[in-house]
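Both ligands and their constituent atoms are indexed starting at 1 by order of listing. Quick caveat: nothing in here was measured; it's all calculated off a predicted structure. If you read the sequence from its start, that first residue is 1, and numbering goes on from there.
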Amino acid sequence: MTPFSLLSSSLLHPTPNSPRPLPPPPPPPPLSVCKLGFYRSLLESASCSKCPPHSVARQPGATACSCEDGFYKIDSDPPNMACTRPPSPPRNAISNVNETSVFLEWSAPTEAGGRKDVRYNILCQRVLPEGRGSEECGANVRFLPRGLGLSNTSVMVADLQSHTNYSFLLEAVNGVSELAKDHAKQYVSLNVTTNQAAPSPVSVIRKGHTEKSSIALSWAEPDRPNGIILEYEIKYFEKEQDSSYTIIKSKETEMVVDGLKPSSVYIFQVRARTSAGYGAFSRRFEFQTSPYLTATSERAQASIIAVAITLALVLLAVVAGFLLSGRRCGYSKAKQDPEEEKMHFHNGHIKFPGVRTYIDPLTYEDPNQAVHEFTQEIDVSFISIERIIGAGEFGEVCSGPLRLPGKREIQVAIKTLKAGYTEQQRRDFLWEASIMGQFNHPNIIRLEGVVTKSKPVMIITEYMENGSLDTFLKKNDSQFTVIQLVGMLRGIASGMRYLSDMGYVHRDLAARNILVNSNLVSKVSDFGLSRVLEDDPEAAYTTRGGKIPIRWTAPEAIAYRKFTSASDVWSYGVVMWEVMSYGERPYWEMSNQDVIKAIEESYRLPGPMDCPEALYHLMMDCWQRDRSSRPKFDEIVCLLDKLIRNPSSLKKLVNSSHRVSNLLVEHANVQGDCSAGSQTVGEWLDSIKMGRYTELFMGGGTLRRVGVNLAGHQKKIITSIQEMRVHMNSTSSTVNM
Ligand code: ACK
């Protein structure tokens, strides 16, 4: 009942003592009829309102406006809100493939459709081979944080199949997308090919026949082998004695582990290896040896005693041989020397490591035999040289197609040996091929083969469209997202992990020796003379003889030629710095002697501009003086993976430092507060009380933009300051520097 109806009912039935009723109020003025283009919602005031944008009132007296074609409204939109439409597709979509995971990143659409509730959906399609179309990826593929209704502009897609083509459709939607059924969906699509990936972990280990000193184990192939399993590694140790463990390998999915103590509990873990490397270890399985001899084993024991004695003698001879050849015994996880990781003696057993080791071509009496063993001869008629792309130590580097019979044509790089070479030069040239031919990893440059039966002698490798990393970064200054840069670094670390697992020490890891392909995959290259480094223009002679690229090399390698995977980790830290500063020269124009002295005095490179703190911490860890405290490559890969999976961990950038006279930072100081490097020219000039010259700086064309990389451009700034000093002196300025 309305107040009006109450009032009128009391007028009809007046009570005897009630006061005289008030005269009825004048009737409200008649409501005007809203004209075209205006509306009056029933609940609203008397006046008519103009239809909100993209809506119309086609009849006079409308109580609501209807949306123009292609525009929509949902129930929760207020009447005075404009009609809206679905957004345009996302922009600048990029993908970053990391083995069988893909990180997708994009920018918001140019046209949000007039709404603030834009969300993103990702559709994953697996492209079937031989043009058989595509199918939806299925439930096994994981989207992190999720695949539908994303509010941020990136997603990680994990658990894809290796070596498979995928197409990702990125769609932007908003509150009215559901209503716009006729509106053709506006996707942006990204096609990616996943890389080789290590196998998934072995899920179960079963115990078989058990004796006093042995346990038979068996396991099933990993669920996702991601390639052909080359071998398994079995790691075991006595329970609660995990400071020392033993690793043995097997090509089968079973193995009898012997040499165990009776009545003792052992922990076992198994992992598989493909050409992509090792997968993760299985979870731990606990099995106990028997306390007594079984009847079978007693019988067997008698019959094998004679064999055992013979074996023991042979074993002793082998052990003695190894000991005499200088290999040390013992394996402890702590402070492990990478050079000692290759063979373990434990509990009196010789254990061979699970990793296929690199064989130095030098161990071959005839180097041609190494070439023959590790490389494939290619008939020159299958190669066409089309372009010269650079100059190498031994001759021109060219590119062109390689058409091997029965294989798809591929683009290759062709290193040639110039005419008039000596036999020694030919050997040195082909040495690189015999090293490269032993490797098979997505982040190591792949050798296709060699041409030795005709002239010129050639080394054929996969073609890397973007050339060497240092030049590529300089050409594309500031063009990549942090995730793209970390993706490149991850690739390099993964390649280096493979090399160190193989027992190969690179000795010349630097951005100039990394190649980049069109998918931004970075690959370690230049195995040529990594032992003597004759071909590296950065290498300088040391007092002890031999050439060393000082700026990239660990102090122990410079001082006493202790080259190990740990010294490669130091160089990796320098590569990280080169990448994050877009190809800046480490230590700028400092002389090699000054670099050695500064490092000796615990100074280190400052954090590059806009460098995430987590990455700078990692660089600093790689530059630990004590080489056993540096991270191992597998730890580096693991950390970078974590950062890529959780991009917000890369948001915190290194703080600004106010050092001017000293470009470097002290190692101990930085570990704690990470205060180095990143500041704008203005901030930096303020910090040296020269803020009033910012305009002169920026206007003078010395530096084009604010937020310039202080580390990277400091030498330019310093040059300019010197110029300014001259300028100021001539104008009697009193600024002191
Ligand atoms: O920086 P760049 O373009 O990349 O110039 C050098 C040049 O040859 C001399 O080494 C380029 N280069 C070397 N190997 C390859 C390759 N596999 N694919 C593409 N470019 C290569 C390198």
Review point. What residue and heavy atom of the protein are closest to atom 6 (C) of ligand 1, and at what distance?
Key: Ser468 OG, 4.6 Å

Point to revise | Identity and distance of the protein heavy atom lying nearest atom 13 (C) of ligand 1 | key: Val397 CG1, 4.0 Å

Practice item. Select one of side chain, backbone, both or neither to describe which atoms of Glu462 lie under 4.0 Å from any atom of ligand 1, heavy atoms only. Key: backbone

Exercise for review: Number the atoms of ligand 1 from 1 as they appear, then name those within less than 4.0 Å of a heavy atom of Thr461, with their elements.
Suggested key: 17 (N)

Revision key, fill the gap. Near Ala413 (heavy-atom distance under 4.0 Å), the atoms of ligand 1 are 15 (C), 16 (C), 17 (N), 18 (N)

Practice item. Establish whether atom 9 (C) of ligand 1 and some protein heavy atom are separated by less than 4.0 angstrom. Key: yes

Check your understanding: Looking at the rings of Tyr504 and Phe439, which for Trp means the six-membered one, are their centres under 6.0 Å apart?
Key -> yes

Point to revise | Close aromatic pair by centroid cut-off 6.0 Å: Phe429 and Tyr421 | key: no

Check your understanding: Does ligand 1 have an atom under 4.0 Å from some heavy atom of Ser525?
Key -> no

**Study point:** Phe480 backbone acceptor or donor facing Tyr582 side chain under 3.5 Å
**Key:** yes

Review point. Got a salt bridge between Glu396 and Lys415, using NZ or NE/NH1/NH2 to carboxylate O under 4.0 Å?
Key: no

Review point. In terms of ring plane angle, is the pair Trp623 and Trp570 parallel, tilted or perpendicular, where the classes change at 30° and 60°?
Key: tilted

